[in-house]
There are 2 protein chains.
Amino acid sequence: MATREGTDTEHHSHGLREGDHGSDDFAAVIRDAGLKVTAPRLAVLTSLAASAHATAEQLFDTVSVSLPGTSLQAVYGVLGAFTTAGLVRRIEPAGSAALFERRVGDNHHHLICTGCRSVTDVECVVGEAPCLTPSDAAGFVVQTAEVTFWGLCPDCQAGAAASAHDL
Amino acid sequence: MATREGTDTEHHSHGLREGDHGSDDFAAVIRDAGLKVTAPRLAVLTSLAASAHATAEQLFDTVSVSLPGTSLQAVYGVLGAFTTAGLVRRIEPAGSAALFERRVGDNHHHLICTGCRSVTDVECVVGEAPCLTPSDAAGFVVQTAEVTFWGLCPDCQAGAAASAHDL
DNA sequence: GTCTTGTTTTGAATGACTCAAAACAACTGC
DNA sequence: GCAGTTGTTTTGAGTCATTCAAAACAAGAC
């Protein structure tokens with residue numbers, strides 16, 4: 001059985017200045033969200049800081065390096081708790097597994113490459129409000145607007161042009 | 001074993017006027033898309049005309065009434081072929097199964113109730129082009145923009161107000 | 001009417017995710 | 001510091017939507 005070497009990453013031994021609840025003091029971020037600070041949670045939050053958009057599986061792979069023995073279900077549990085607490089946002093692009101991102105609270109959208117499926121954040125189309133109001137809301141009380149742009153990233157454009165040239 | 005009583009719905013016995021390739025002559029629509037006209041395909045297209053947004057499972061249920069013996073996989077096959085041919089559009093709202101709709105080619109979006117998950121079409125936010133252009137495309141060649149509005153439909157608003165009153 | 005090709009059936013497999021019970025560890029107050 | 005409570009994680013199984021593959025079958029071409 002794998003010993004949990006990462007468990008000795010206690011919150012009172014981190015080198016961050018006290019009182020700094022900025023985006024780097026992950027323990028404080030978690031605690032301030034009303035959640036218990038645990039090794040898997042710190043590991044997931046750290047991994048998420050390294051990749052802007054990641055699947056549960058990808059995070060599991062990354063976490064497994066720094067904290068071997070962590071289960072995939074734990075990662076799902078952590079992500080679920082984080083999402084509920086508003087610490088991360090979950091997006092679900094058509095045709096792929098859910099992606100998690102730390103950027104929350106702002107009204108940003110996504111640009112996804114149909115070739116390599118890479119995801120890029122884009123600021124809200126025209127300022128902030130416009131894309132939140134459909135032309136006819138049919139009596140709905142609209143809470144959020146989700147915008148996903150699909151296209152080809154520079155790399156895949158180059159690839160497509162090259163293979164078109166080969167014909 | 002279920003006998004295919006619906007199979008005698010041949011294309012040469014329908015009551016539609018010849019040459020009318022409008023949205024009602026399903027056989028012609030299918031044929032014009034370069035696909036073979038089969039009973040399951042006609043049934044799916046008919047079901048889809050009755051409900052603007054349906055899952056494969058829902059269509060399977062409807063089709064099973066008019067054409068017993070049709071398999072769920074056949075429905076998936078039909079929907080796949082239709083989607084590839086551009087006859088239907090597939091949307092995948094977060095947290096639910098894929099929905100299929102006959103409205104294709106126009107740039108319309110969706111308004112989904114977070115309460116009952118009912119889906120309503122909405123016209124493009126501001127005319128047609130604006131929502132197709134992100135503020136910064138990061139070098140991407142943008143092909144489409146997908147907009148999903150999330151909110152509460154009139155019915156669920158009433159329900160929410162009522163239960164809030166009960167507290 | 002026959003033949004070719006595309007469809008549908010049947011049955012199994014996959015991937016992403018959820019559920020549940022037991023083992024365990026964080027934070028509470030003592 | 002230490003024990004208790006409550007929330008987390010592990011382990012293992014289960015679900016749902018969807019896809020894959022081979023054989024049976026039927027649509028449209030000749």
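The chains referred to below are lettered A, B, ... by the order of the sequence lines, with proteins before strands, and numbering in each begins at 1.
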Taking only the side-chain heavy atoms of [X] (C-beta and beyond), determine which of [options] contains the nearest atom.
X     : options                : value
A:A74 : C:dT8, D:dT10, D:dT18  : D:dT10
B:V37 : D:dG28, D:dT9, C:dG11  : D:dG28
B:K36 : C:dT5, C:dA26, D:dT18  : C:dT5
A:A97 : D:dT8, D:dT18, C:dA16  : C:dA16
B:Q73 : D:dA17, C:dC17, C:dT10 : C:dT10

Atom-pair distance ([atom1] on [X]; [atom2] on [N]), nearest Å:
X     : N      : atom1 : atom2 : result
B:E92 : D:dA17 : CD    : P     : 12 Å
A:F60 : C:dC17 : CZ    : P     : 14 Å
A:Y76 : C:dA20 : OH    : P     : 18 Å
A:E57 : C:dT18 : CD    : P     : 13 Å
A:I30 : C:dA25 : CD1   : C1'   : 15 Å
B:R41 : D:dA26 : CZ    : C1'   : 12 Å
B:F82 : C:dT8  : CZ    : P     : 8 Å
B:L67 : D:dC25 : CG    : P     : 16 Å

Requested in this report: Measure across A:S47 and A:L59 and return the closest heavy-atom pair with its distance rounded to 0.1 Å.
Outcome: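 Looks like CB-CD2, 3.7 Å.
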**Report entry** Test item: A:E57 and A:V75 side chains (from C-beta on) under 4.5 Å apart, heavy atoms
**Finding:**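 Not touching, per the 4.5 Å side-chain cut-off.
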Query raised in the report: Do A:P93 and A:T148 touch side chain to side chain, with heavy atoms closer than 4.5 Å?
Result: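 Not in contact.
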**Report entry** Pair A:R103 + A:E123, salt bridge at N-O below 4.0 Å
**Finding:** yes
**Report entry** Nearest-nucleotide comparison on DNA chain D, the residue closer to the 5′ end among B:S96 and A:T38
**Finding:** A:T38
Report summary line: Heavy-atom nearest nucleotide on DNA chain D taken for A:G34 and for B:L72; more 5' hit belongs to A:G34
Query raised in the report: Side-chain donor-acceptor pair under 3.5 Å between A:H109 and A:D121, yes or no?
Result: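 There is no such pair (donor and acceptor under 3.5 Å, judged by atom type) between the side chains of A:H109 and A:D121.
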Requested in this report: Looking at every strand, decide which applies to B:L35 at a 4.0 Å heavy-atom threshold: base, sugar-phosphate, or nothing.
Outcome: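 The answer is sugar-phosphate, as B:L35 gets under 4.0 Å only of primed atoms, P, OP1 or OP2.
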Requested in this report: Determine the contact category for A:A81: base if any of its heavy atoms lies under 4.0 Å from a base atom, sugar-phosphate if only primed atoms, P, OP1 or OP2 are that close, otherwise nothing.
Outcome: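 Here A:A81 touches no strand at all.
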Query raised in the report: Counting only side-chain N and O atoms of B:R90, is one of them less than 4.0 Å from OP1 or OP2 of D:dT18?
Result: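 Answer is yes, contact under 4.0 Å.
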